[in-house]
Undergrad: 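Before I ask anything, let me first share the structure, which is written out below as C-alpha cells.
Only this structure's heavy atoms are used, side chains among them; waters, hydrogens and symmetry mates stay out.
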Amino acid sequence: MNLSLSDIVPPLRWTSPGQVAPIATDPRLPEAWWQALPLDRACAAIGTSEVAGRLADLALTCWGHLTLGDVLPLLRFTDPAASVRMSEGLGREAVHRLFTEVLERLLEPVTPESVAARTRPARPDRPLPELIDEVFADLDERQRAIARDRLYASQRATLDDLAQRFSVTRERIRQIERDLRDHVEAWLAGEGAAPLVAHVSWLRGRLGSAVPADDLAAAVPWHRTDLATLGIPAWRFVRTLLTGYEQVDGWLVAGGADELREKTRQLFADGPRPLEEAVTLVSQLGIREDVAERWLVSVPQLRVFENHVVPWPRSVNNMVQPG
C-alpha cells in the first residue's frame, strides 16, 4: 500500500504542520510520517489503534468544525450515520473506535470473497427534494403543520399557538415534536438516506467553519426547491442537519461564534497584516478564502484598512504605516 494517512484524510493536506506535529509526532516514526510513510508501515510500527488515536486527537483539537466524514471520507461508506456527526458530540472514545474500524478494514487483504461481500447494487439517482419528501409523506396534517411551522420554520410557531390551533395541550405538541425528530433521525440512519447524508457531508466541507448564512440556500439549485409535503424550501430542512452550526449576525458558524472570533483576533495580536496574508491565515481556521475578507470585516475589533487587517479600536493617526 502506497497511501499515506494524508492521502485518506484531506484536512492533513491543508492544516499547518505546526498544528499537526505536536499531536501526531511519534519517536518511533519519521518526521511528518503522516505524509512521508505508507499507512500500512505506520500501523505496523505503532499499531493501527495508535494511528487511529492520533487521528482522533487531531479531529477533536484541529477540526472541530468538520464532520467525521469530512475528516475521514471513507467513513461515509462504512458508517453513513456517524459520518455526519461532529467529533465533540461523540467524544474521543467513540471517534477512536470509528477511525480504528475504518483503518482496519482498509488494511485487510483484498480477496474475491471480501469484494463480493461489500458490493451493493447502485441506487438510481433521484432528485433529493423527492427523497426528503419521503420522510413526511405518511404524516397526517397535524404532524406536517408542526414540522412546517415549528421544526423547519424561519419564525417558529409557539407551543401555545399550535396547541390552540389543534385543541390539544402544549405537552401534546411537544411530544409530537419529539416524535418527529425521532422519525427523521431513524430515517437518516437508514440506507435510503445515504444520498442526502453524502450531500450534507459535502456541504459541511463547502461551508467551512464560517460562511454567510445565505450561502446555504445558494449552495446548489435544488436547495431553493419547495418540498411538496411541507411547502417550504428544501434548504430549511437541510439546515437542521448541519448540527454543530449556529447562526449569528448573518453567519453560519461551526462551533462557538465567540470562540472563532477570538481565534481570528489572536492572529493579529502582533499588529496589522497585509490582507492577502490575513486571508491565508484565516483559511487555516477553516474559513473559505472567498469569504475570508467578509469574515474579517464582521469580527469585532478588526478592520480592513488600506489592504491591511488592523486590530481595532486604535488611532488611525498613530497607526504605523506598513512598509
Side-chain angles (χ1 to χ4, degrees), residues 3 5-15 55 58-59 62-90 95 98-99 102 106 120 122-135 152 184-185 187-225 227 232-247 251-255 260 283-292 295:
L3 291 174
L5 187 63
S6 65
D7 289 324
I8 63 170
V9 180
L12 278 174
R13 299 198 288 271
W14 49 257
T15 302
L55 183 57
L58 285 165
C62 300
W63 308 317
H65 64 287
L66 299 177
T67 66
L68 296 181
D70 294 326
V71 173
L72 185 59
L74 290 173
L75 189 63
R76 297 171 186 165
F77 301 96
T78 61
D79 196 332
S83 71
V84 299
R85 301 288 299 276
M86 314 291 281
S87 56
E88 289 185 359
L90 289 176
V95 174
L98 289 165
F99 288 172
V102 171
L106 183 63
R120 292 187 174 90
R123 181 183 177 87
D125 290 337
R126 296 180 56 195
L128 287 182
E130 290 184 13
L131 195 65
I132 297 171
D133 273 322
E134 284 185 359
V135 186
Y152 309 118
V184 172
E185 285 291 329
W187 179 79
L188 288 170
E191 188 173 336
L196 181 61
V197 169
H199 173 73
V200 173
S201 295
W202 168 84
L203 191 59
R204 287 182 182 275
R206 183 189 186 282
L207 296 179
S209 58
V211 71
D214 55 9
D215 252 38
L216 177 58
V220 291
W222 68 261
H223 274 192
R224 299 185 187 276
T225 300
L227 299 177
I232 61 171
W235 69 262
R236 288 193 191 168
F237 176 78
V238 173
R239 167 68 184 89
T240 65
L241 306 183
L242 291 168
T243 53
Y245 279 83
E246 63 175 341
Q247 188 161 336
W251 286 80
L252 282 176
V253 183
L260 186 59
S283 70
Q284 294 178 9
L285 299 177
I287 299 170
R288 294 194 333 242
E289 291 193 357
D290 62 310
V291 301
W295 170 254

Undergrad: Return the set of residues passing side-chain contact (heavy atoms from CB on, under 4.5 Å) with Val9 (not counting sequence neighbours), or none when no residue passes.
TA: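 Listed in chain order: Leu5, Pro11, Leu12, Leu55, Trp63, Val71, Leu72.
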
Undergrad: Rounded to the nearest 0.5 Å, what separates atom CH2 in Trp222 from atom CD in Glu130?
TA: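 So the CH2 of Trp222 and the CD of Glu130 are separated by 12.0 Å.
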
Undergrad: Kindly give the heavy-atom pair with the smallest separation between Ser87 and Gly64, and that separation in Å.
TA: OG-CA, 4.4 Å

Undergrad: How long is the gap from OG on Ser209 to CH2 on Trp251, to the nearest 0.5 Å?
TA: 9.5 Å

Undergrad: With a 4.5 Å cut-off on side-chain heavy atoms, are Val220 and His199 touching?
TA: yes

Undergrad: Would you name the heavy atoms of Tyr152 and Arg236 that are closest together and state the gap between them?
TA: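 Heavy atoms only, the tightest pair is O-CD, 3.1 Å.
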
Undergrad: If you draw a 6.0 Å radius around CD in Glu246, do more than 12 non-hydrogen atoms from other residues or ligands fall strictly inside?
TA: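 Enclosed.
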
Undergrad: Determine the minimum heavy-atom distance between Leu131 and Arg126, stating which atoms define it.
TA: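 For Leu131 and Arg126, the tightest heavy-atom pair comes out as CD1-NH1, 3.7 Å.
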
Undergrad: What distance separates Leu241 CG from Thr67 OG1, expressed to the nearest 0.5 Å?
TA: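 Atom-to-atom, Leu241:CG and Thr67:OG1 are 12.0 Å apart.
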
Undergrad: For the CG atom of Leu196 and the CG atom of Leu128, what is their distance to the nearest 0.5 Å?
TA: 6.0 Å

Undergrad: Identify the two heavy atoms, one from Ala210 and one from Val291, that lie closest to each other, and give their separation to 0.1 Å.
TA: O-CG2, 3.9 Å

Undergrad: Roughly how far apart are Leu74 CG and Leu68 CG, rounded to 0.5 Å?
TA: 13.0 Å

Undergrad: Which residues pass the side-chain contact (heavy atoms from CB on, under 4.5 Å) test with Ala218, sequence neighbours left out?
TA: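 Result, side-chain contact (heavy atoms from CB on, under 4.5 Å) vs Ala218: Arg224.
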
Undergrad: Does a side-chain heavy-atom distance below 4.5 Å link Leu58 with Thr15?
TA: no

Undergrad: Report the residues that fulfil side-chain contact (heavy atoms from CB on, under 4.5 Å) with Asp214, sequence neighbours left out, ordered by chain and then residue number.
TA: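 side-chain contact (heavy atoms from CB on, under 4.5 Å) list for Asp214, sorted by chain: Pro212.
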
Undergrad: Please report the closest heavy-atom contact between His223 and Leu203, naming both atoms and the distance.
TA: CE1-CD2, 3.9 Å

Undergrad: Holding to side chain to side chain donor-acceptor pair (under 3.5 Å), I want the full list of residues that pass it with Ser6, two or more places apart in sequence or in another chain.
TA: Ser4

Undergrad: Before giving the answer on side chain to side chain contact (heavy atoms under 4.5 Å, CB included), spell out for Leu216 and Leu242 the whole-Å C-alpha distance, their side-chain angles and the decisive distance to 0.1 Å.
TA: CA-CA 10 Å; Leu216 177 58; Leu242 291 168; 3.9 Å; yes

Undergrad: My understanding is that only residues two or more places apart in sequence, or in another chain, count here; which of them pass side-chain contact (heavy atoms from CB on, under 4.5 Å) with Gln247?
TA: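 Residues passing side-chain contact (heavy atoms from CB on, under 4.5 Å) with Gln247: Ala213, Arg239, Leu252.
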
Undergrad: Mind checking the CH2-OG1 spacing from Trp235 to Thr240? Nearest 0.5 Å is all I need.
TA: 11.0 Å

Undergrad: Of all residues at least two apart in sequence or in a different chain, which pass the salt bridge (charged side-chain N to carboxylate O under 4.0 Å, His left out) check with Arg288?
TA: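 Here the qualifying residues are Asp215, Asp290.
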
